[in-house]
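Inspection log for the structure reproduced underneath, given as structure tokens.
Here is the naming used below: chain letters follow the sequence lines, and residue numbers restart at 1 for every chain. Everything quoted here is computed from the prediction, not taken from an experiment.
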Protein chains: 2
Amino acid sequence: MENNKNNTQLKGTEKLIMEAAKKIFGRKGLDGARMQEIADEAGINKALVHYYFRSKDKLFETVVNETFSSFFPKAMSLMSDPSISLFKKIERFVDLYISLIQENPHIPGFMTQELGRGRAERVLDMFKDSGLKPEVFFQQIEQEIKAGTIVPITPVHLIVNMISMCIFPFIARPLLSGFLIMDKKDYDEFLEVRKKELPKFIINSIKKK
Amino acid sequence: MENNKNNTQLKGTEKLIMEAAKKIFGRKGLDGARMQEIADEAGINKALVHYYFRSKDKLFETVVNETFSSFFPKAMSLMSDPSISLFKKIERFVDLYISLIQENPHIPGFMTQELGRGRAERVLDMFKDSGLKPEVFFQQIEQEIKAGTIVPITPVHLIVNMISMCIFPFIARPLLSGFLIMDKKDYDEFLEVRKKELPKFIINSIKKK
DNA sequence: GTCTATACGGTGATAGAC
DNA sequence: GTCTATCACCGTATAGAC
């Protein structure tokens with residue numbers, strides 16, 4: 001803690017700045033964040049941030065790119081795999097999604113930060129670059145409908161529902177924590193329960209009776 | 001359009017500024033918004049904004065308060081009404097929620113803007129001031145579980161699911177629009193379909209087979 | 001109440017020593 | 001590569017005329 005300079009050398013300053021930037025940008029957004037704050041968080045000087053990443057915008061760009069490009073492929077390659085059954089896919093999707101965000105708590109912040117402004121294009125591009133093939137998932141749904149395994153549902157709405165229920169609780173976390181008076185332990189437990197209940201909830205809602 | 005001054009007189013400058021502020025703050029957030037921008041949107045001078053609302057923070061505070069205090073009571077009084085059945089409540093909740101946000105497109109922006117920072121307390125206070133009685137809804141759920149009408153589910157997760165699926169599509173609108181190439185007409189249709197499908201989806205997911 | 005002009009502070013970015 | 005000191009700009013807020 002006190003010999004931060006040594007850590008700097010060991011971990012690599014650039015990496016250190018990136019981590020700090022993720023944290024601060026995720027919390028405060030591009031406009032709300034201060035370069036000074038990021039430097040402090042990284043335990044280095046403000047000028048050094050500019051030395052590695054020309055400008056604030058460039059740093060933000062870099063960090064967002066890295067974040068999303070590690071995020072989408074994992075979730076999306078799963079959805080595009082035709083060899084996995086629909087129900088199994090739902091189960092794995094929920095688990096993967098929630099676990100991933102658990103490990104990268106700054107992601108929902110970026111998500112909303114980016115979407116809140118007119119900056120959806122980049123996110124979209126990454127969706128597409130990630131090899132996402134929504135058709136595979138859509139076809140799978142329509143196949144099951146025809147086969148009579150699940151009730152008729154518009155595929156788009158199903159996927160929107162799934163994503164909504166995975167992401168939103170993280171966005172609304174402060175609200176949840178305050179409203180139901182959850183401490184960190186309660187919240188973690190809430191998420192573990194959710195990992196199990198959510199797939200059942202989704203499958204139940206489409207499975208034919 | 002060109003005789004904005006007359007409109008100013010008619011509509012009341014204060015109201016005009018509030019509307020402009022809602023729009024700009026909702027899009028860009030507290031930090032991203034510029035007083036100049038708000039003044040322009042309102043068709044008046046920058047100094048005048050300060051004349052009515054001492055500071056930027058005060059203006060933001062005011063606008064957020066007004067927004068949320070019109071938003072929560074409507075949705076929440078419904079949930080607290082013990083005379084409405086669970087299924088009926090779900091149907092009305094979804095319709096009310098989506099309609100409300102349709103008419104006040106800036107709400108999701110504020111929602112995430114506020115939650116993104118450490119400012120959940122105010123939102124929470126409004127929840128509570130709105131006369132929300134979550135116990136009523138929770139009891140109703142547990143009653144139905146005991147009666148065997150619905151499958152066992154943790155009440156908190158059900159309500160989180162409902163809210164998630166109502167709000168998130170609005171937050172992610174730019175993503176949806178781009179990804180599925182929706183114009184405004186397509187999007188409105190998407191929402192109308194959603195109003196009908198979502199309650200069915202939810203009820204189906206908990207109804208006993 | 002509404003405008004123009006201006007003061008003031010904060011912040012991103014650079015220069016230059018080490 | 002890392003620091004200290006400094007600049008230049010932009011945006012909030014105020015003063016003061018009308």
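Regarding B:His50, its NE2 atom lies at a distance of 18 Å from the P atom of C:dT6, rounded to whole Å. One atom, CE of A:Met35, and another, P of D:dT6, lie 21 Å apart when rounded to the nearest Å. Atom CD in B:Gln36 sits about 13 Å away from atom C1' in C:dC3, given to the nearest Å. Across the protein-nucleic acid pair, A:Lys46 atom NZ and C:dA15 atom P stand 15 Å apart, rounded to whole Å. Summarising the geometry, the separation between CG on B:Asn45 and P on D:dA15 is reported as 16 Å, rounded to the nearest angstrom. Distance CG (A:Asp57) to C1' (D:dC10): 14 Å, rounded to an integer number of Å. Rounded to whole angstrom, the span from the OH atom of B:Tyr51 across to the P atom of C:dC3 amounts to 12 Å. One atom, OH of A:Tyr52, and another, P of C:dA13, lie 18 Å apart when rounded to the nearest Å.
In terms of phosphate contacts, B:Arg34 brings no side-chain nitrogen or oxygen within less than 4.0 Å of OP1 or OP2 of D:dC10. OP1 or OP2 of C:dG1 has not a single side-chain nitrogen or oxygen of B:Thr13 nearer than 4.0 Å.
When only modelled atom types and interatomic distance are considered, A:Gln36 and A:Asp40 share a side-chain donor-acceptor pair under 3.5 Å.
For the pair B:Glu197 and B:Lys200, the salt-bridge criterion is not met [side-chain N within less than 4.0 Å of a carboxylate O].
Contact annotation for B:Phe53: no contact, since no heavy-atom pair falls under 4.0 Å across all strands. Within the nucleic acid shown, A:Ala39 has no heavy atom closer than 4.0 Å to any nucleic acid atom.
Remark: B:Phe168 CZ to A:Phe168 CZ distance equals 9.5 Å, nearest 0.5 Å.
Side-chain proximity of B:Lys56 to C:dT2, D:dC3, D:dA13: nearest is D:dA13. When each of D:dC3, C:dG1, D:dT14 is scored by its nearest atom to the side-chain atoms of B:Arg54, the top-ranked nucleotide is D:dT14.
The aromatic rings of B:His157 and A:Phe190 sit parallel, their planes meeting at an angle under 30°, below the 60° perpendicular limit.
Nearest heavy atom pair, residue A:Ile17 against residue A:Leu48, reads CD1-O, 4.2 Å.
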